[in-house]
Structure formats: C-alpha cells, structure tokens
Amino acid sequence: MASDSSPNSPNSDDSNDSGISAIRAARLQKVEELKQLGMTPYAYTWEVTHPVADLQAKFVDLAAGAEADFDVSIAGRIMARRVFGKLAFFTLQDETGTIQLYLDKKTIQAEMGAADEQAFEHLKKLTDAGDILGARGTIKRTDKGELSVKVKQYAMLTKSLLPLPDKFHGLTDVAKRYRQRYVDLIVNPEVRDTFRKRAQITAAIRRHLDQLGYLEVETPVLQSEPGGAEARPFVTYHNTLDMELYLRIATELHLKRMVVGGFEKVFELGRVFRNEGVSTRHNPEFTTIEMYQAYGDYQNMMALTETMIEAIAQSVTGSTTVTYQGEDISFARPWQRITMHEAVQAKTGIDFSQFDDLAEAKKAATAAGIREVDGCKSIGHVLNEAFEQAVEETLRQPTFVTDYPVEISPLSKPHRSKPGLVERFELFTVGRETANGFSELTDPVDQRERLELQAAKKEAGDLEACSVDEDFITALEYGMPPTVGMGIGIDRLVMVLTDAASIRDVIAFPLLKPEKSDSLSEAVDSPVDL
RNA sequence: GGGUCGCUAGCUCAGUGGUAGAGCAUUCGGCUUUUAACCGACUGGUCCUGGGUUCGAAUCCCAGGCGACCCA
C-alpha cells in the first residue's frame with residue numbers, strides 16, 4: 001500500500017535529511033527507543049472513562065487552583081506541548097474536544113517509578129505533537145484557570161511519524177485539505193462539526209420517515225439501463241457476464257417497482273452517480289433521498305417536505321432560521337408556493353400560457369433577455385430556460401415552484417386541471433434546486449410514449465437521454481397505485497444547514513484529479529528524453 | 001470549455017532579474033502554572049513540471065499539471 005507519489009511518504013532508505021525525512025527518521029528512532037523501554041509504540045487498548053467534553057462540562061464550576069478527588073482515564077491526540085524542566089502541559093484532543101494534561105515530574109515519577117524510573121524524562125523525549133496518548137489521573141484546574149487532568153500514569157498508544165500542520169494557522173490549502181481530509185479533520189474542529197451535522201441530518205431524516213411508517217429499501221447501483229433522470233451515466237463492465245453496466249443516476253425507477261410490489265411508503269437514501277463536471281455545487285457522486293408514498297399526490301408531498309425539513313433544521317441547528325453565507329434563511333412553515341408560469345411572468349413579464357406557437361415564445365423570451373432559446377424544442381423548454389435564467393437565482397427563501405410543463409417532466413402525472421402541465425414541484429433554497437417531487441405517472445401507455453420520446457433524443461445523440469426501461473413499463477402495466485414521489489439532494493441540504501460554500505466541504509472525500517505522479521521513475525525507464 | 005488568480009521548508013507566508021528568507025514545527029540546551037509558553041543555538045529547499053530568454057531566473061516568456069473564483 002506504500003504510495004511512491006505521496007508527498008508524505010519519503011523513501012525509508014532515503015538518507016537525505018530534508019525536513020520531512022528528518023522528522024520521520026527521528027520519530028522512527030523514538031519508536032525503537034519506546035520498544036527498548038518495553039513500551040509499545042502501537043498499543044492494543046486503553047480504558048477510557050470519560051470523553052473530555054463530559055469532563056469540561058462536569059467541572060465547569062471548579063475554581064482555579066482547585067483539585068477534585070476524581071479519577072479519570074482518557075485518551076486522545078497530543079495537539080500541543082508546552083514543556084518545562086520539571087513540568088509539562090499537553091493539549092489532548094479526543095473526538096469531543098480538548099483538555100489539558102498537567103504533567104509534573106514529581107507525581108509521574110512517584111506513580112510510574114516502579115515501571116519506568118525515567119517516566120517524566122521519557123515523556124519529554126519520546127512524545128511529539130500528533131501522538132495518541134492515554135492518561136490516567138485526577139481533575140485539577142490550574143492557577144491560570146485551565147481545566148486539566150493531573151496525570152499519574154500515561155501510555156503511548158500510537159506514535160505519529162509525521163508532523164501536524166502549524167498549530168496556530170492549521171491547514172488552509174484547500175487542495176491539501178480535500179486530499180488529506182484526515183489531517184483536515186485533526187486540526188480543523190469546524191470540519192468535524194460539519195460531518196457530525198451531516199450524520200445528524202441523515203439520522204433525523206430516517207427517524208422522521210420511520211415515524212411516518214416509511215420503509216427504507218436498497219435498490220441496485222449497477223444497472224443495465226440507467227434511468228429516472230437526465231444525466232450521463234458512468235459506464236463499467238462485468239467480466240463474467242461480459243456486459244457493460246451503468247452506475248445509477250437515480251433511484252426512482254426501482255423504488256416505483258417496490259410500490260408496484262405493494263410497499264406503500266418507501267425511501268432510499270443513497271449514492272447516485274452522474275458523469276458530469278465538478279463545481280462548487282456538483283460532485284460526480286452525491287447522495288439523494290427519494291421517497292414514494294402510495295395514495296398521495298404532490299400537495300401531500302409538499303406538506304411532508306416542509307414539515308420534515310423544518311424539523312431537521314430545528315433539531316440540527318437549534319433553530320428554523322439558519323444563516324447561509326451571510327444570508328438568513330427561514331425554514332419555518334409555511335413556505336412560499338408559486339407556479340412556474342407565475343414565477344416567470346413575475347420576473348420577465350411574459351405569460352407563457354398564452355403562446356400556441358414555439359417561434360412566438362422564443363421571440364418573446366429573447367426579447368426579454370433570455371439566452372440560448374434557439375435549441376429549445378418546445379414552449380415548455382423555452383419556459384424552463386426563462387425560469388432558470390430569470391427566476392431560479394432569485395428564490396432565496398425556501399420556495400415550492402409548481403406545475404411544470406410536461407415536456408421537461410417525463411415521469412410526472414398530467415395536471416388534473418391544467419392541460420400541458422404536470423403535478424410537479426421543485427424546492428428552491430438560496431437560489432438552488434434542493435428537492436424535486438411529483439404525482440407519479442401511473443398510466444403505462446402514456447409512460448411508454450414519454451420514454452420513447454426520450455429514447456428518440458438519445459438516438460439523436462443526446463448523451464443525457466435514456467432508453468425505454470421495458471421492465472419498468474411492465475411493472476406499471478401490472479398497476480401502480482396513485483403515488484407521489486420526491487427526491488432531495490442531501491449534499492445541498494447539508495450545505496445550507498452547515499453554511500458550506502462548496503459541496504466539497506460536505507463530502508468527506510470529494511473527487512479530485514490525482515496529483516501528477518512522480519515523473520522521475522518514468523524518466524529512468526524511458527531512454528528517450530521527450 | 002473560456003477568463004482571472006494561486007502553487008517557495010512539514011505548516012502559514014515574505015521574497016518582481018544578482019548568495020533562498022521569516023514565524024511555527026523539528027533537533028540541542030535552559031526553565032514547576034503554561035495555553036500561538038518563553039530564552040538561546042541549530043537544522044531543514046525538485047522555489048509545481050518542462051522548455052525558452054539572459055552573463056545570471058523563484059522572479060521575465062511559452063507549454064503543461066493541480067487548485068480556487070467567475071463565466072458558459
């Protein structure tokens with residue numbers, strides 16, 4: 001598993017003493033010294049009696065200079081060392097926070113003398129910032145007011161070979177933070193908070209849906225025919241079946257099969273994959289939740305959506321109002337609802353419902369400053385362009401946009417009273433699409449026609465269009481109850497609730513191009529100097 | 001895909017044509033109330049890569065890599 005290209009794994013036989021190599025060599029030497037002293041540098045267990053945050057809370061009222069007769073055993077990473085001749089202070093960090101270790105020579109030598117008569121000197125010599133240490137002792141608040149564990153015994157649990165980033169400035173290089181997220185997590189507490197909140201959000205969603213009687217299911221990632229969205233798929237290959245497979249671009253079509261099968265409330269929270277560019281709002285693999293409820297329509301699902309997200313915001317951030325990049329966003333119900341036609345008319349002055357002719361619609365849109373309408377194949381597409389260009393960015397507070405044109409909604413049920421439209425909604429927050437739901441199309445004949453239109457686009461070279469999923473049509477022919485479905489982009493929701501500017505801040509290991517590999521070995525292998 | 005900006009020690013950053021720098025970390029010495037500890041000494045470099053211009057390039061030019069932001 002050794003990687004030659006890693007900047008932090010210099011060759012072990014490399015005798016030059018450039019910075020990192022020298023530090024690493026010195027620490028490997030300490031590993032040997034620990035072994036010779038009978039202290040394993042890589043321990044097996046350590047009894048932990050308290051997370052340090054619990055201690056900070058429990059002794060919040062302990063006076064400066066006071067000691068508590070309270071035994072604790074803790075473990076964590078040394079984040080900082082302040083060492084004197086016969087006294088040392090370490091800052092120890094566990095998952096919950098930090099606490100100071102008060103290490104005085106007299107106490108440690110008295111307590112550990114039998115095991116190691118040089119215990120304090122070895123502590124000074126053989127520990128470094130970055131090491132993982134176990135410590136047992138009592139609670140004390142120092143004269144300067146810092147809550148501390150007055151250490152009686154310590155043990156090296158894991159010796160660290162590589163230096164931590166600057167203790168004051170931390171790690172700020174964004175590329176390095178993403179590539180070596182473990183270092184980012186060690187030194188940047190707010191990054192740990194983000195991923196803790198992310199877990200709280202998904203847990204809260206599961207709890208909410210569980211209480212409503214939803215069943216969590218798992219559907220295939222590997223598919224012979226991707227569908228349920230318009231996106232380019234990733235292609236992979238199954239060796240023994242000798243066939244190409246695609247990574248799913250949505251969970252929709254399989255979840256609907258579950259509804260056909262009789263599960264009336266199902267959801268899947270999982271990863272989908274879309275073969276598209278990378279930006280602050282796009283990662284090629286991202287997490288969605290899709291949920292389906294039989295016998296409900298899009299009005300029911302809008303109600304569920306705002307109830308659920310309001311509850312999540314409250315439980316995760318402690319408020320229904322969050323600040324996103326300096327802007328206050330209120331998730332308090334009720335949220336604004338506006339039809340797509342109304343929204344576009346409000347921003348452009350154009351009433352697209354009046355058009356019968358595509359050319360007329362394009363002309364009006366262009367006159368209103370909407371770009372790139374030439375390629376639009378229908379009035380609905382022009383309307384959608386107008387919406388994306390003139391409206392989307394302006395929808396800051398949570399807003400449901402409803403009643404989309406059928407041309408851009410191939411899986412939605414026709415609107416019960418508005419010809420040409422479907423019963424669909426999308427949720428926009430801080431100008432971004434955050435959720436998408438609709439009364440599901442259950443008519444298998446209509447569905448086949450719509451998917452065949454998509455298939456024709458694919459034939460014509462549209463890489464984001466899908467073929468007809470025959471088995472899905474077959475499922476609909478057995479009969480799907482009236483159903484509403486909805487999907488949420490979990491990453492984007494987490495971004496808003498954690499005030500993250502980039503989707504990469506809420507994905508632990510975002511996709512990055514590999515750093516250029518060391519060209520030295522290639523140069524050696526290649527006799528030709530190009 | 002286009003534009004702008006960035007890449008120098010483990011980390012954070014100075015350095016705009018003339019010997020490669022600072023702080024922190026590391027190493028050594030001192031210190032029993034520190035918390036960006038302090039004091040003293042030292043060490044540490046593929047200046048992202050490859051070409052070019054020049055007596056001389058971290059610096060100027062060209063190409064490439066990776067990243068950030070903006071636009072599409």
Side-chain angles (χ1 to χ4, degrees), chain A residues 5-11 14 16-30 64-67 78-93 98-109 120-121 123-131 140-148 150-151 160-180 183-184 186-188 276-282 325 371-372 375 385 388-389 393 501-505 510-523 526 529-530:
Chain A
S5 62
S6 167
N8 281 340
S9 55
N11 298 332
D14 189 349
N16 85 48
D17 55 353
S18 66
I20 187 98
S21 304
I23 290 168
R24 193 164 167 276
R27 296 203 183 179
L28 281 167
Q29 180 59 38
K30 291 175 184 178
E67 294 194 33
I78 302 171
M79 298 306 289
R81 291 175 0 118
R82 297 173 291 280
V83 178
F84 299 80
K86 294 170 185 166
L87 179 69
F89 301 95
F90 288 5
T91 301
L92 200 73
Q93 170 175 285
T98 62
I99 196 166
Q100 179 169 268
L101 301 183
Y102 176 98
L103 302 139
D104 72 293
K105 179 169 182 172
K106 218 161 142 185
T107 304
I108 285 174
Q109 300 280 100
F120 187 77
E121 300 308 318
L123 179 80
K124 286 207 294 183
K125 259 202 141 47
L126 300 178
T127 63
D128 291 287
D131 292 349
K140 165 192 176 77
R141 191 175 291 278
T142 62
D143 296 346
K144 297 287 169 63
E146 187 73 30
L147 189 72
S148 308
K150 184 175 180 183
V151 177
S160 168
L161 301 183
L162 297 170
L164 290 179
D166 186 290
K167 65 188 170 193
F168 185 62
H169 298 96
L171 187 66
T172 61
D173 181 290
V174 287
K176 198 156 291 183
R177 286 184 46 223
Y178 296 145
R179 287 184 201 283
Q180 294 189 278
V183 180
D184 191 28
I186 289 169
V187 301
N188 292 323
E276 17 189 75
V278 174
S279 77
T280 51
R281 285 179 283 283
H282 299 84
Q325 307 290 295
R371 307 174 302 274
E372 300 183 351
E385 275 298 333
E388 288 183 358
Q389 292 180 37
E393 179 66 27
S502 168
I503 197 170
R504 290 176 161 187
D505 293 324
L511 184 72
L512 295 171
K513 285 192 184 183
E515 287 177 299
K516 203 168 74 171
S517 63
D518 191 348
S519 59
L520 202 64
S521 56
E522 288 169 6
S526 168
D529 188 14
L530 294 177

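So you know, we letter chains A, B, ... as the sequences are listed, proteins then strands, and number each from 1. Owing to the predicted nature of the structure, the values given are computational and were not obtained by experimental measurement.
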Point to revise | Upstream residue (5' side of RNA chain B) when A:D128 and A:L512 are each assigned their closest nucleotide | key: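 Here A:D128 is the residue nearer the 5' end.
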Review point. Taking for each residue the nucleotide of RNA chain B bearing the nearest heavy atom, is the 5' side occupied by A:K140 or by A:G170?
Key: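 Going by which nucleotide is closer to the 5' end, it is A:G170.
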From [options], nucleotide with atom closest to [X] side chain:
X      : options                : answer
A:Y178 : B:rA68, B:rC69, B:rU12 : B:rA68
A:P163 : B:rC11, B:rG10, B:rG67 : B:rG10
A:K513 : B:rA72, B:rA25, B:rG67 : B:rG67
A:L171 : B:rU26, B:rU12, B:rU33 : B:rU12
A:F84  : B:rU32, B:rA36, B:rG67 : B:rU32

Heavy atoms under 4.0 Å, any strand shown: does [X] hit a base, just sugar-phosphate, or nothing?
X      : value
A:K30  : sugar-phosphate
A:R141 : nothing
A:V187 : nothing
A:R177 : nothing

What integer number of Å spans the [atom1] atoms of [N] and [M]?
N      : M      : atom1 : answer
B:rA63 : B:rU53 : C1'   : 15 Å
B:rU27 : B:rG44 : P     : 15 Å
B:rU59 : B:rA20 : C1'   : 12 Å
B:rC42 : B:rA36 : P     : 27 Å
B:rG2  : B:rC60 : C1'   : 25 Å
B:rC5  : B:rC61 : P     : 11 Å
B:rG56 : B:rC13 : C1'   : 27 Å
B:rU12 : B:rA68 : P     : 15 Å

Strictly by Watson-Crick or wobble contacts shorter than 3.5 Å, is anything paired with [N], and which nucleotide is it?
N      : value
B:rA41 : B:rU27
B:rA68 : B:rU4
B:rG56 : none
B:rA63 : B:rU49
B:rA9  : none
B:rU16 : none

Review point. Considering all heavy atoms of both residues, which atom of A:D184 and which atom of A:R177 are nearest to each other, and what is their separation?
Key: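 Closest approach of A:D184 to A:R177: OD1-NE, 2.8 Å.
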Exercise for review: For A:Q100 and A:T142, work out which heavy atoms get closest and say how close.
Suggested key: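 Minimum heavy-atom separation between A:Q100 and A:T142: NE2-CG2, 3.6 Å.
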[X] has an atom [atom1]; how far is it from atom [atom2] of [N], in whole Å?
X      : N      : atom1 : atom2 : result
A:M79  : B:rC24 : CE    : C1'   : 14 Å
A:L101 : B:rU33 : CG    : C1'   : 15 Å
A:R24  : B:rA25 : CZ    : P     : 22 Å
A:D104 : B:rU33 : CG    : P     : 11 Å
A:L161 : B:rU26 : CG    : P     : 15 Å
A:R82  : B:rG30 : CZ    : P     : 21 Å
A:H282 : B:rC70 : NE2   : P     : 13 Å
A:I23  : B:rC24 : CD1   : P     : 15 Å

Distance below 4.0 Å between [X] side-chain N/O and [N] OP1 or OP2:
X      : N      : result
A:K106 : B:rU32 : no
A:K124 : B:rG29 : no
A:K105 : B:rU32 : no

Exercise for review: Please lay out, stage by stage, how A:R371 and A:E385 fare under the test salt bridge (Lys or Arg N to Asp or Glu O under 4.0 Å).
Suggested key: CA-CA 8 Å; A:R371 307 174 302 274; A:E385 275 298 333; over 6 Å; no
Review point. Do A:D166 and B:rG23 share a donor-acceptor pair, side chain to base, under 3.5 Å?
Key: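 Counting by modelled atom types and ignoring angles, a donor-acceptor contact under 3.5 Å is found here.
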Exercise for review: Output the residues of residues 86-93 of chain A in contact with RNA chain B, where contact means a heavy atom of the residue under 4.0 Å from an atom of the strand; sort by number or write none.
Suggested key: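 The stretch gives A:K86, A:L87, A:F89 as the residues lying under 4.0 Å from the strand, ordered by number.
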Review point. Is it true that the side chains of A:T107 and A:D104 contain a donor and an acceptor less than 3.5 Å apart?
Key: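 A:D104 and A:T107 do have a side-chain donor-acceptor pair below 3.5 Å.
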Practice item. Find out whether A:T98 and A:Q93 are in side-chain contact, i.e. whether some heavy atom of one side chain is under 4.5 Å from a heavy atom of the other. Key: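 The answer is yes, as the side chains (C-beta and beyond) meet within the 4.5 Å cut-off.
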**Study point:** Sub-4.5 Å side-chain heavy-atom contact between A:P510 and A:I503
**Key:**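 They are not in side-chain contact.
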Practice item. Verify side-chain contact (heavy atoms from CB on, under 4.5 Å) between A:L162 and A:R27, making sure each step is shown before the conclusion. Key: CA-CA 8 Å; A:L162 297 170; A:R27 296 203 183 179; 5.8 Å; no
Check your understanding: Quick one: does A:R504's side chain have a donor or acceptor within less than 3.5 Å of a partner on A:V174's backbone?
Key ->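 No; judged by distance alone, with no hydrogens or angles, the pair does not exist.
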**Study point:** Flag if over 12 foreign heavy atoms under 6.0 Å of NZ, A:K86
**Key:**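 Counting other residues, nucleotides and ligands, NZ of A:K86 stays at 12 neighbours or fewer.
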Check your understanding: Distance from A:I78 atom CD1 to A:L101 atom CG, nearest 0.5 Å?
Key ->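 If we round to the nearest 0.5 Å, A:I78:CD1 and A:L101:CG are 7.5 Å apart.
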